[in-house]
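What you see is a predicted model; the values in this text were computed from it and never measured. Whatever order the structure lists them in is the order used to number ligands and atoms, beginning at 1.
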Amino acid sequence: MPGAREAARAALARALRVAALTGAGVSAASGVPTFRGPGGLWRGRRPEELATPAAWARDPEEVWAWYRSRFEALRAAAPNDAHRSLAALARRTRLTLVTQNVDGLHRRAGSEAVIELHGDITRALCERCGARWGLEPGFAIPPRCGRCGGRGRPNAVWFGEALPRDGLERAAEAFAACEVALVVGTSALVEPAASLGRLAARAGAYVIEINPEPTPLTAFADASLRCGAVEGLRSLLPEDDRA
Ligand code: OAD
């Protein structure tokens, strides 16, 4: 769709207020498997079976084993040009960057103010006192809180749990007020993040989706780029901003 790409690039070049939502597809080029693509199952289980308070209550060891394997895999992963392009975009626009990813790769690429709606699995969260701390390679299961000795759980938001209120509010405000919304590498199936793109469309923003596959957001998007995140973002940015 070369026409759509040109129009999207022009809309982004004019915009001052930009809101971006990213999902697992943004980290695919870093070798982090998406949830609903190949490699998304763990020991035959879907994330909806493991990322829940019920799974934690039933078998915390298994839940930790899944998160630890993902944490260990992340140590070998590095941010890719899609992460870097979004960090560069923040230097030219007033960008609110919102991610569903828990891999910390946006921060590692230099996006300090990223809103991590689903948490960050490089840290543990104390069930007793609420402290968070960085996990070390080969950590024991379950990790224990250095402050109160309480049991640590993964610092991730699970299905059925509330998202951080402040982050969600700031994300919704940004998507309601932006001129351009970029929705990159998400299946747009998991609420409430999935609604952010539609919210921007309803408020009159120009909505750009980057995803090799159609999603429920496609019908609301002004431009849908059917390609990977690295290529899509690179093609939208002026040369100076490209990673
Ligand atoms: P999904 O695994 O549901 O979707 C990944 C999306 O990325 C799909 O639509 C793919 O088509 C697309 N994709 C694949 N490769 C890509 C690439 N190279 N560039 C761009 N896009 C690509 O991941 P999310 O939408 O992020 O939540 O999943 C949302 C939430 O569901 C996750 O945050 C997680 C999960 O269960 C929790 O754990 C609470």
Trainee: Quick one: which ligand 1 atoms are inside 4.0 Å of a heavy atom on Pro47?
Mentor: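 Numbered from 1, ligand 1 contributes 36 (O).
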Trainee: For residues Ser30 and Asn80, report the shortest heavy-atom separation together with the two atoms involved.
Mentor: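 Heavy atoms of Ser30 and Asn80 come nearest at OG-ND2, 3.0 Å.
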Trainee: Assess whether atom CD of Glu112 is packed by more than 12 heavy atoms of other residues, nucleotides or ligands within 6.0 Å.
Mentor: no
Trainee: Please write down residue, atom name and distance for the protein heavy atom closest to atom 38 (O) of ligand 1.
Mentor: Ala51 CB, 4.1 Å
Trainee: Inspect the contact between Glu72 and Arg68 and indicate whether a charged nitrogen and a carboxylate oxygen are less than 4.0 angstrom apart.
Mentor: no
Trainee: State whether the shortest distance between N or O atoms of Ile210 and N or O atoms of ligand 1 falls below 3.5 angstrom.
Mentor: no
Trainee: Should Val157 be listed as contacting ligand 1, given a heavy-atom distance under 4.0 Å as the test?
Mentor: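 Distance cut 4.0 Å: Val157 passes for ligand 1.
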Trainee: Going by distance only, is there an N or O of Thr186 that falls short of 3.5 Å from an N or O of ligand 1?
Mentor: yes
Trainee: If you take all heavy atoms of Arg5 and Gly232, which pair is closest and at what distance?
Mentor: NH1-CA, 4.4 Å
Trainee: Heavy-atom distances under 4.0 Å are what count here, so tell me which part of Gln100 touches ligand 1: side chain, backbone, both or neither.
Mentor: both
Trainee: Salt bridge or not for Glu209 and Arg226, using N-O below 4.0 Å?
Mentor: yes
Trainee: For Glu213, take its heavy atoms, then give the atoms of ligand 1 lying under 4.0 Å from any of them.
Mentor: 11 (O)
Trainee: Under 4.0 Å from any heavy atom of Ala24, which atoms of ligand 1 are there?
Mentor: 23 (O), 24 (P), 26 (O)
Trainee: Among all protein heavy atoms, pick out the one at the shortest distance from atom 28 (O) of ligand 1; state its residue, atom name and that distance to 0.1 Å.
Mentor: Arg36 NH1, 3.3 Å
Trainee: For ligand 1, find out whether one of its N or O atoms is nearer than 3.5 Å to an N or O atom of Gly185.
Mentor: yes
Trainee: Pull out every atom of ligand 1 sitting under 4.0 Å from any heavy atom of Phe35, numbered as shown with elements.
Mentor: 2 (O), 23 (O), 28 (O), 32 (C), 34 (C), 35 (C)
Trainee: State, to 0.1 Å, how close Val184 and Ala229 come at their nearest heavy-atom pair, and which atoms those are.
Mentor: CG1-CB, 3.6 Å
Trainee: For Ala131 and Cys145, which heavy atoms make the closest approach, and how far apart are they?
Mentor: CB-SG, 4.1 Å
Trainee: Counting only heavy atoms, tell me which of Val190, Asn211, Val26 gets closest to atom 11 (O) of ligand 1.
Mentor: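 It is Asn211 that holds the nearest heavy atom.
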Trainee: Give the residue, atom name and distance (to 0.1 Å) of the protein heavy atom nearest atom 27 (O) of ligand 1.
Mentor: His118 ND1, 3.5 Å
Trainee: With heavy-atom distances below 4.0 Å as the criterion, list the atoms of ligand 1 near Phe159.
Mentor: 36 (O)
Trainee: Classify the ring geometry between Phe35 and Trp66 as parallel (under 30°), tilted (30 to 60°) or perpendicular (over 60°).
Mentor: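 Rings of Phe35 and Trp66: perpendicular, as their planes differ by over 60°.
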Trainee: With atoms numbered from 1 as shown, which atoms in ligand 1 lie under 4.0 angstrom from a non-hydrogen atom of Gly23?
Mentor: 26 (O)
Trainee: Which heavy atom in Val230 sits nearest to a heavy atom in Ala82, and how many Å separate them?
Mentor: CG2-N, 3.8 Å
Trainee: Where is the nearest protein heavy atom to atom 15 (N) of ligand 1: which residue, which atom, and how far?
Mentor: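 So the nearest neighbour among protein heavy atoms is Ala28 CB, 4.0 Å.
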Trainee: Atom 17 (C) of ligand 1: which protein heavy atom is closest, and how many Å away?
Mentor: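 So the nearest neighbour among protein heavy atoms is Gly25 O, 3.3 Å.
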Trainee: Identify whether the distance between the nearest side-chain nitrogen and carboxylate oxygen of Arg9 and Glu6 falls below 4.0 Å.
Mentor: yes
Trainee: Show me which atoms of ligand 1 lie under 4.0 Å from any heavy atom of Ala229.
Mentor: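 The list of qualifying atoms is 17 (C), 19 (N), 20 (C).
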Trainee: What I want to check is whether the side chains of His83 and Ser111 have a donor and an acceptor closer together than 3.5 Å.
Mentor: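 His83 vs Ser111: no donor-acceptor pair found between side chains.
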Trainee: For Phe139 together with Trp64, are the ring centres under 6.0 Å from each other?
Mentor: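 Yes; Phe139 has its ring centre under 6.0 Å from that of Trp64.
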Trainee: Say whether Ala29 and ligand 1 are in contact under the criterion: heavy-atom distance to a ligand atom below 4.0 Å.
Mentor: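 Judged by the 4.0 Å heavy-atom criterion, Ala29 does not count as contacting ligand 1.
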